[in-house]
Amino acid sequence: MNALRNKRLGIAMGALLLVGIGVGGGVVIAQRMDGTPDMAADGGGEREILYWYDPMVPNERYPGPGKSSMNMETIPKYADEGGTSATPGVRIDPALTQNLGVRYATARRGDLEGDLSATAVVDYNERDIAVVQSRADGFVQRVYNRAPGDVIAAGAPLVDLLIPSWGGAQTEYLAVRRTGNTPLIQASRQRLVLMGMSEALIASIERSGRARNTITISTPTGGVIKTLGVRSGMSVAQGMNLAEINGLSTVWLNAAIPEALAGRLRVGQSVEVALAAFPGERFTGRLTALLPELVGDSRTVTGRIEMANRGGRLRPGMFGQITFGGGSTPALLVPTEAVIRTGERDIVMLALPEGRYQPAQVRIGREAGGQTEILAGLREGERIVASGQFLIDSEASLSGVVARPIGQAAAPAPAPRGRSVQ
């Protein structure tokens, strides 16, 4: 009898244990499905809920579960997820950051290279322009097969003009010369000068003793013809532009310099230039001007570099890379990719202990070689997120985490485990 009673008692206890396991499993599953807090793994206590909210409208808070103003189910905000003054930042599962490939970096002291690089385009030297004009009314007798874009040497003929008024004045001057009256000769010669005749033309008339009413207009300087306003058979008026010649002995390089770096440059400093048309060659120039107008679309200042154009190798329109020399200076550095630029401020994502993250506002300075100078808001040794910080920043924004102000830079904190950027 005792053995039979013990057997029946064991069967009843086993049945009760199975029912308890089933009910407990159902409770856990139900809790995980509806979003309510589950039991802590180590102590069996419930996680403390601060409030309920809709991730789509994180600023709205509710005392309990239900629908938000967007008609979405609210979710709980736990005390151990960050956002309080005692434990700043937002907590993210380390396994998630590992899957995202989050990389870390440390704010460190180092030397920031002083060289500044910028793109540049070769252009004409606008100070080396000669304008050829007609000095009297006349008619085009001949053009010398010129066209805009032609490169011509100094003294090359452009056009032959028939100027009737010059022929009569030259005949009178030759007649006065035969009188031998010096004052009259000087007055008649001065008249030719005032009519626009060159000294070379007057000397040619004196040597030959014959009047010349067809005059060849030549270029005063060598270069490229930018504009040409004469054609065969047309008439010209006094003061009319016949051609515009741009010299090629020197050229300009117009460099697009970022607004934040323009203050480092000084007019007169040397520049090294690498042109795509001549790989492996280095050219030198001199910064002659920083134009006062800012290019709004690219937020750049145009730097004008003047270069010698030996042999006419440098042609307007060529693309190049320029380097302004400068010494390296010590600075607090972080990887450039770690800085989040919002347009209104610059922030980095601090990597805090226990898998927490907090945005910190910083003031940045120069950039070079993939490194950015931190002027304020960060201290040496603080760990930051170098890759994946945009996702963490989005989570921090949804959780209502406030960025650390520049004036509250804390002492360096221990870093979480992860891959570091050297």
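Atom set for the values below is all heavy atoms of this structure, side chains included, hydrogens, waters and symmetry mates excluded.
Looking at every heavy atom in both residues, Ile406 comes nearest to Ala376 through CG2-CB, 3.5 Å. Closest of all the heavy-atom pairs between Ile205 and Arg210 is CG2-O, 3.6 Å. Closest approach of Met197 to Trp166, counting heavy atoms only: CE-CG, 3.4 Å.
Annotation: Tyr144, atom OH; neighbour count of heavy atoms from other residues, nucleotides and ligands within 6.0 Å is above 12. The number of heavy atoms from other shown groups lying within 6.0 Å of CZ (Arg212) does not exceed 12.
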The test is side-chain hydrogen bond (donor to acceptor under 3.5 Å, both in side chains); show your working for Arg383 and Thr106 and say whether it passes.
CA-CA 5 Å; Arg383 297 277 288 185; Thr106 304; 2.9 Å; yes
Test Arg108 against Glu380 for salt bridge (Lys or Arg N to Asp or Glu O under 4.0 Å), laying out the working first.
CA-CA 5 Å; Arg108 62 177 181 85; Glu380 182 179 1; over 6 Å; no
What do the steps show when you test Ile152 against Val224 for side chain to side chain contact (heavy atoms under 4.5 Å, CB included), and what is the final call?
CA-CA 6 Å; Ile152 57 177; Val224 61; over 6 Å; no
Could you go through Thr372 and Thr336, starting from their C-alpha distance and side-chain angles, then the distance that decides it, and tell me whether this counts as side-chain hydrogen bond (donor to acceptor under 3.5 Å, both in side chains)?
CA-CA 5 Å; Thr372 296; Thr336 300; 2.8 Å; yes
Worked check of salt bridge (Lys or Arg N to Asp or Glu O under 4.0 Å) between Glu373 and Arg363
CA-CA 9 Å; Glu373 178 186 16; Arg363 185 164 66 248; over 6 Å; no
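Using a cut-off of 4.0 Å between Lys/Arg side-chain N and Asp/Glu carboxylate O, Lys226 and Glu126 are scored as salt-bridged. A salt bridge links Glu382 and Arg404; the closest N-O separation between the charged side-chain nitrogens and carboxylate oxygens is under 4.0 Å. Remark: Arg103 engages Glu337 in a salt bridge, criterion side-chain N to carboxylate O under 4.0 Å. With respect to Arg286 and Glu306, no salt bridge is recorded, no charged nitrogen being found less than 4.0 Å from a carboxylate O.
Every residue two or more places apart in sequence or in another chain that forms a ring pair (Phe, Tyr, Trp, His ring centres under 6.0 Å) with Phe278 is listed here: Phe283. For Ala255, the side chain to side chain contact (heavy atoms under 4.5 Å, CB included) partners two or more places apart in sequence, or in a different chain, are Ala120, Ile257, Ile305, Ile322. Partners of Glu344 by side chain to side chain donor-acceptor pair (under 3.5 Å), not counting sequence neighbours: none found.
Remark: Thr219 OG1 to Arg146 CZ distance equals 7.5 Å, nearest 0.5 Å. Annotation: the span from Ile202 atom CD1 to Gln190 atom CD amounts to 8.5 Å, rounded to 0.5 Å. With rounding to the nearest 0.5 Å, the separation of CD in Gln361 from CD1 in Ile340 is 12.5 Å. Taken from CG in Asp346 to CG in Leu375, the straight-line distance is 10.5 Å, to the nearest 0.5 Å. Summarising the geometry, atom OG1 belonging to Thr216 is positioned 10.5 Å from atom CD belonging to Gln141; distances are rounded to the nearest 0.5 Å. Here CG of Leu265 is found 6.0 Å from CG of Leu290. Values are rounded to the nearest 0.5 Å.
Annotation: side chain of Val102 is not in contact with side chain of Ser387 (no heavy-atom distance under 4.5 Å). A 4.5 Å side-chain heavy-atom check between Val230 and Leu158 finds every atom pair outside the cut-off. Between Asp123 and Val251, every side-chain heavy-atom pair lies at or beyond the 4.5 Å cut-off. Met307 has its side chain out of reach of Val271: every pair of non-hydrogen atoms, C-beta onward, lies at least 4.5 Å apart. Contact annotation: the side chain of Thr119 approaches that of Gln321 to within less than 4.5 Å [non-hydrogen atoms, C-beta and beyond]. By the 4.5 Å heavy-atom criterion applied to side chains, Leu201 and Gln170 are counted as neighbours. Counting heavy atoms from C-beta on, the side chains of Tyr62 and Ser69 come closer than 4.5 Å. Leu161 has its side chain within reach of Val159: a pair of non-hydrogen atoms, C-beta onward, lies under 4.5 Å apart.
Only one option out of Val122, Leu248, Asn125 pairs with Asn309 in a side-chain contact (heavy atoms from CB on, under 4.5 Å); it is Leu248. Screening Asn241, Leu242, Val140 for a side-chain contact (heavy atoms from CB on, under 4.5 Å) with Ser134, the sole residue that qualifies is Leu242.
Remark: side-chain polar atoms of Thr171 are paired, donor with acceptor, to backbone N or O of Gly167 under 3.5 angstrom. Proximity of a side-chain donor or acceptor of Asn246 to a complementary backbone N or O of Asp128 within less than 3.5 Å is detected.
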